Structures are given as structure tokens and as C-alpha cells.
Amino acid sequence: MTVLKTSMRNFFAHKGRMALSAVAVLLSVAFVCGTLVFTDTMNTTFDKLFAATSSDVTVSDKDASDSGQTTSGNGKPPVIPASVLDEVRRAEGVKSAEGTVFSTSVTVVDADKDSLSPTSGGPTIVGSWNSNDARTMEITSGAAPEGGDQIMVDGDTADKHDLELGDEIGVISAVGTHTAKISGIADFTVTNPGAAIFYLDTATAQRTLVGESGVFTNVNVTAAPGVSDDQLKKNVVAELGAGYKVLTAEETAEANQESLGDFMGVMKYAMLGFAGIAFLVGIFLIINTFSMLVAQRTREIGLMRAIGSSRKQVNRSVLVEALLLGVLGSVLGVGAGVGLAVGLMELMGQMGMELSTDDLTVAWTTPVVGLVLGVVVTVLAAYLPARRAGKISPMAALRDAGTPADAKAGRLRAVAGLVLTGAGGFALYLAGTADKAADGSLWLGLGVVLSLIGFVVVGPVLASGMVRVLGAILLRAFGPVGRMAERNALRNPRRTGATGAALMIGLALVACLSVVGSSMVASATEELDKAVGTDFIVQDDMGALITPQAVEAVKAAPGIDRVTEYKWTEADFTTPDGETVKDTAITAADPTYATDLRVETVAGNLADAYKPDSMSVHEDFAKDHDVRIGSKIEVAVTDGTTGSLTVRAITSSEGVIDAGAMYTSIDTLATYVPADKMPLDQLLFASAQDGQKDAAYKALKDALGEFPQYEVRDQTDYKEALKDQIGQLLNMIYGLLALAIIVAILGVVNTLALSVVERTREIGLMRAIGLSRRQLRRMIRMESVVIALFGALLGLGLGIGWGATAQQLLTLEGLKVLDIPWPTITGVFIGSAFVGLFAALVPAFRAGRMNVLNAIATE
């Protein structure tokens, strides 16, 4: 009880000093809990949506996906004959059945040809209005579509694009473009996470989406009272036979959730990973806080030992303080995490993904995880300072405050740090020289961990040298004030090293990712310059296929010399060694593709691969399956028949563009695939007539004005788009790393604030002998800047090393250019100086306001 009382008294006596450490715990716990609440809420939203929109039993084509994605390679949804509807209705236990048609491979545009698709990446769905949809949609304006000139739109999409009754919109599918006027607007009765949904009547949907009548994509079946979904499924299968896919509502919902699960899992664990980084940085802040508090209370602890307190009691007293700090920070962090989740939901709403707070889900595990994590991390971080406190002897009560440095411990730290750093460097060397990316990535991970720990351990040793260098360059010009700032930073190298290490972690990751991102852009740019021999590339940035109408528009554009079509499908390959390789990609293109993309060929001539019944394979495939020029490969094409193709060329397996592709001609593919199953184009490559490039570029954009989903890019545009995509990804990662950097800034603030308290008497004496308030504040700001720059130098140097090693691994994947973004690195380094200035504002202000006489009288 005495230990608890002492801990409580000390905790509240130093509550101001504990506040920043508590904020670090709060932020880290909030990020973890916010991530869990946000992802749980998304799961709840989609669970409700899938449960509400699934019929008791759904019948579809055997090739349709379980998750409801209906598009096949030809841009049309797989269909079943309308006769299936009558057969289903005859099954025992069926209350009602209804045939529907829908497709997700569509683009919908307004009268100005602007796309109405969601910007959040949600699907655009066009289908027939049916009773199953009527369960989750309420018509709030107008009426359901009747006839080919009418279409209904969901209320969210209508609000986002200011659509009204009577507005004309167009549906672009593989069949063609269909225009209709809005007859009604329907609102969801459940939360719509961000899909854009349009309804036609059944006959119009068949013509528009499939191109034929008398077919459905699904038959929705409702069970009679007392009949379970499982029993109804058995009855329907018994009636239809095994040629169709039949799923219960639960199976459909699970399939939908599973298709969403990969994305949700990646997002969840990525965000938790960044929260872990913030926790790691917070550990340094907590260690520094308790180390300085213990140092400042040396005489107090010595007196406690002199009057009978044991080492264990002193140790426990400090740990109880850490426990109180962890509990307080974690409790506040759990609450802040719920608020963060709501903020993320609002942010997603601005981006087009609607999530309702009505579905806010806080599982009992979330606060438990937050509390346990926050408390455990805080107590573990305080263990070393607590252990040092327990070693303070009663004689310390007779000395001035502050514990002497342990020279032996410092030497051991230096040796351990150098060993760990050396081991990390050797692991990075092995990663950079690995022959396989999988092996190298393991060495890279080990090298990153060991080198990071090594730099943290050896930080105090490095601080002594690097701070002197930085002081000579930056601080000496400020005379005595600059020299005092340098000596203050050198006074406790362990503290300076730990404070700099907190900032080092975030900046190391920023530098590493900057090097990797810049190298990827530079490598891809170089590859484009070397390999691409076409002027223009036409594609859908969301990955949608190119409709035949758009292909014809491109071919008809004036000033175009040639257009190369590029298709992709899957096939089972039976190789000369007798092995069958299933579901292998094969690329079909026009013969001009050999000119449009200059692929490195190691044997044969790539142009020959486009001859009848010919193909190419890549080098690794040839080695694995003993394939040579002239070898025959049996190719069983998906949705087609089996043919025997002769290998005419073997291409390099390396490269950024089309790495590992195997080519054949479109004419050869058409020999084995029926016309109605022929896949649509993934890309189009167009080359201008001599001297007509600018005119052809404009003509192509004009020709595709009716198809806003497709982008026309020349090589400069393509490079810029690639740079933007990687830049957006990096900016998102930098935003998540900002949490760790904020915690590190709090660490600098806390270190300076506590060091000001520690040096109260010294500051008073300096003020008494003539140091002005302005000089005092400048000294503290300079000390902060040099600590921040020390951490920045460590972090940026370490991050560049990690990034360069990662790029060596990417070389195995064809990304061969190492590009260090010096402007970014320099900007981060300069920004670190401003971080130091910002962190010193409050401590410097408080130091300047000290009463000189009171400061001198401080014990």
C-alpha cells in the first residue's frame, strides 16, 4: 500500500511531465482501436448489405463467380436460358422465382458524356428491376422503368451527380451504347457503401447487357414457408441437375465477404503495422521520460532507501507510475480510437464510400486489445528506468541530483550496437546479392530489423561524434550560446541518442520508400523508352475491357497508321515433358505488337510467334519444361477448344512490361475460341502516320469522346500517370507514417521540457550572470534543432541503405535503375530542422519565464 501511495503521489506531482508520454500512448492506442473499429464497421455494413440483397437461393451459370461478379472475358455476363426459370418453379418448396439480368462490366454516362461511376472504386451495376431489389430499395421519386427509353438510378448516385427525373443517361456495354431517360430514383433501405446502381426493365436489360432475349444471369428463388434454404437448394439441384451454380443466401453472402476480405485484410494489417511503428517510437519517449524523472529524483530515492525502502519497493514504485500512465493513456486512447474511426468513415464518405454511424461496431475485443497493448508497452518501456532506480544507494541522498554515467555499460552498449549493426549490414549485403527475390526478401527483412536495433543501441556513441560535427557546422557561429547548446546535447548522450532514435525510425522508412518509389519510376521510364515502339496507349484505368465499338472508333480516327489489339485469356498448357500447367495466362495480339513492344528474345524470332498455330514462351518456362524452338505445346483455351501450337520464339523472363508473357496471334486464338466467347481487348496500341502525331493524338481523344472510361496517353502521359500512381501510394504511406513522426516530435518536446526542469538551477545561475531571455530561448531551440538533425541524419542514411538494397532485389524483377530522390531527402532533412524548432517552442518559452532567484534556490 505504501508503494502505491508513493507512486500515486509522484505521478500526480509530475503530471505535467507525464502528459506528453500519455499522449504518445493515447495516439498509438487510438490508431490501433480506430483501425479495428473502422474495419469491423465496414464488415458489418457489407454483411448487412449482402444479407439483405441475397435471395434464399440463387441459380446462375456454372462459370459465374460465387461473389456475383458476372463479367466474362467477352465483356458479357454468363447467362442461363430462360427455360431454367420454369424448371426452378417446378421444384418442391419454391414459393416464387424470378429471372434477372445484371452486369458489372458497364460504364454509365450523363448527357455530357461524363462518367457516373463511383470515384471510390465501387462497382457500377446495371440490371433489371426485380422484386428482390425492391426489398432493399424504396422508390422515392418517379416510377420503375417500363420500356426501353426509361432507366432508374439509386438516390446516392443521383445526389452526387445532380441527376433529376427526365435526364438522359447512356449505358455503354460490350453490346453497344443504350440511352434512356431517368424515370425514377430509388433510395437504399440499407447502407450503400458506394456502388452506383441503375435499373432497366428486363427485356431492355437483356438487349443492352447481353445482346439477346430469352436469357437471364440469375434466377432468384424464394422458399415457401417452413422450407430451409439448404433444403430448397437440394430441391432445385434435383430439378435442374448439376449443370448450374446454385447457392443459398448464406453461401452468396460468404462468397461476397470473402472477395472483400483480401482487401479488408490488407488495409487492416497495414494500418496496424503503422500503429506498431508509432508504438515503437512511443517506447523511446516513455524510456526517456522515466529515465529523466528517475535522474531528477536521485536524492529523493536515496532518502527513501536510507529510511528503509528496498530495491524492489523502489522498482515497483516506478513501475506502478508506468502502469498508471499506461492505463490513463490507453483508456483515453480507446475513446479517441472510436472518434478516429468515425473520422475515417467521414473521410471515406468524401471519397465516395458511404458508411453509416448506425453500423458503428465496437467489439468487446477492441478496448481489451487497446488497454492490454497500451499498458504492457508502457510498463515494459519503463522497466529499464525502474531497474536503474532500484540500484540507487542510500548514499545518493548526500549527492546532487543526477546519476553518474556507467562507463562499463556504455562500452557494452557500444560493442553490442556495433555487432548488431554489422550483422544487419551483412544481411543487407546478402539481400542485395541474392539470386532469387524470395530469398533476398528474407535477408532484407532481417537486415532492416538488425540494423535498426543496432543504430538504436549504438545511438549514444554516435551522438557524441555527430553532435560535435553538427555543432561545428551549425552552432559555433552563434558564439557562446551555440557552444552551450552543443554541450547540453552532449551532456547525456544516452538521452540524446534515444530522442534522435525516435525520429530516426519514421524518417528511415520515409527515405527507404522514397528511394524504392523513385527507382520504380526511373526503371519503368527507362524500360518504356527502350521497349515501347508505339505512339499511343488506350486503356481503362480501372481495368475494364475495351468494347468493340471503342476499338472501331480508334481504328477510324484520322492520322492513325496502325492499331494493335491486345487480348488476354487463360489456358491449360501440356508441355513436351508431359506436365500440364493449369490456368496459365496467354497473350493474344496482332503481329504488329512485335514492333510496338520490343521484347528481348533469347531464341527464335518473336515475329514468327504470330504465324498460324504458333506461340512464344518465356525463358524460365522453357527451362522448367524442356521447351525449345520447334517444340509443340497443347493449349486448352478457357471457353474454347484444344490446339497444338509450335514454339517459334523464347523471350526473356525479365523486364518491367509484360514480364513472363507468352504470345500468340489473335487469329490463332480465334481458331480455338468461338466468336461469342472471344475475349475483349485489354489495351490498344496506336501509331500515328509520319508527321501526324499531334493531330492523331487529338483525333484519338475526339474519337473516344463517347467512351469517357478510356484514357488515351502518349509515352509522356503514360510516364506521368505511372509517376502519379506511385506518388499517390507513397503519399498515403507517408500520411500513415506521420503518426510515428508526431509521436517522435512529442519525444523531443518531452526531452527538452524535462531537461529544462533538470537544469532549473543552472538556468537561474546563467540568467544571474547575464544570459538574456532571448539567448536562453535560442540556446534551447538550437539544442532541439541539433537533436532533430542528428535523428534525421541517422534515419535518412539508414533509409537510403534499405532502399538501395530493396532496389537490388527489384532488379531481379526487371527494375534495374537505382534513383535516389535527393530533392526529397534534402527537403526531409531541412524539414527536420523546423521540427526541432517547433518542438522547442514551449520548453524555451517556459525556460524564459523562470524567476531567476527561485531557479537558483531550487534543490
Side-chain angles (χ1 to χ4, degrees), residues 13-14 16-17 20 288-289 291-300 396 398-405 460 463-500 745 747-791 830 832-859:
H14 304 106
R17 307 178 194 181
L20 292 178
N288 259 6
T289 299
S291 295
M292 296 177 74
L293 289 175
V294 167
Q296 291 166 21
R297 285 157 42 195
T298 299
R299 294 185 67 185
E300 174 190 329
L398 304 178
R399 294 198 298 263
D400 287 336
T403 55
S464 300
M466 293 179 69
V467 168
R468 284 189 174 88
V469 174
L470 288 169
I473 296 172
L474 300 173
L475 303 182
R476 298 291 171 84
F478 292 93
V481 173
R483 288 195 294 273
M484 284 190 292
E486 178 186 339
R487 289 170 184 169
N488 285 334
L490 289 170
R491 177 178 299 183
N492 193 328
R494 178 184 291 174
R495 180 194 307 161
T496 299
T499 306
I745 293 172
V748 179
V749 174
N750 212 20
T751 297
L752 291 173
L754 290 172
S755 67
V756 166
V757 174
E758 186 180 78
R759 303 198 305 257
T760 298
R761 189 177 183 187
E762 174 189 319
I763 289 170
L765 288 170
M766 287 192 295
R767 293 274 288 115
I769 62 175
L771 190 71
S772 68
R773 287 185 175 182
R774 178 176 295 180
Q775 289 174 317
L776 175 62
R777 290 168 178 164
R778 182 180 298 165
M779 179 188 74
I780 293 173
R781 288 196 298 267
M782 289 179 182
E783 180 184 352
S784 178
V785 168
V786 81
I787 291 174
L789 291 180
F790 163 67
I830 294 172
S832 299
F834 286 99
V835 164
L837 283 173
F838 172 78
L841 290 178
V842 173
F845 178 75
R846 292 186 63 187
R849 294 185 63 189
M850 281 185 184
N851 182 283
V852 176
L853 294 178
N854 289 341
I856 294 173
T858 300
E859 287 290 334

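Numbers here are sequence positions counted from 1. This is a predicted model, so every value here is computed, not measured.
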To check you understand the geometry: which heavy-atom pair defines the closest contact between [X] and [Y], and what is its length?
| X | Y | result |
| --- | --- | --- |
| Ala489 | Val467 | CB-CG1, 3.9 Å |
| Ala788 | Ser832 | CB-O, 3.3 Å |
| Ala839 | Ser784 | CB-OG, 4.0 Å |

Legend entry - Any side-chain heavy-atom pair of Val786 and Met782 under 4.5 Å: no

Legend entry - side-chain contact (heavy atoms from CB on, under 4.5 Å) involving Arg487 - partner list, sequence neighbours excluded: none

Inset, instruction - Using side-chain contact (heavy atoms from CB on, under 4.5 Å) as the criterion, list what pairs up with Leu837, not counting sequence neighbours. - result: Arg781, Val785, Phe834

For residues 474-485, dump all side-chain donor-acceptor pairs below 3.5 Å to protein atoms at least two apart in sequence or in another chain.
| from | atom 1 | to | atom 2 | distance (Å) |
| --- | --- | --- | --- | --- |
| Arg476 | NE | Glu486 | OE1 | 3.0 |
| Arg476 | NH2 | Glu486 | OE1 | 3.3 |
| Arg476 | NH2 | Glu486 | OE2 | 3.2 |

Legend entry - Thr499: side-chain hydrogen bond (donor to acceptor under 3.5 Å, both in side chains) partners, not counting sequence neighbours: Asn288, Thr751

Legend entry - Leu841 side, atom CG; Arg777 side, atom CZ - distance, nearest 0.5 Å: 10.5 Å

Inset, instruction - Could you grab the distance from atom CD1 of Ile787 to atom CG of Leu470, nearest 0.5 Å is fine? - result: 11.0 Å

For a quick test of your reading: what N or O donor-acceptor pairs under 3.5 Å do the side chains of residues 763-772 make, sequence neighbours left out?
| from | atom 1 | to | atom 2 | distance (Å) |
| --- | --- | --- | --- | --- |
| Arg767 | NH1 | Leu771 | O | 2.9 |
| Ser772 | OG | Gln775 | N | 3.1 |
| Ser772 | OG | Gln775 | OE1 | 3.3 |

Inset, instruction - Sort and list the pairs that fulfil salt bridge (charged side-chain N to carboxylate O under 4.0 Å, His left out) and have at least one residue in residues 463-473, not counting sequence neighbours. - result: none

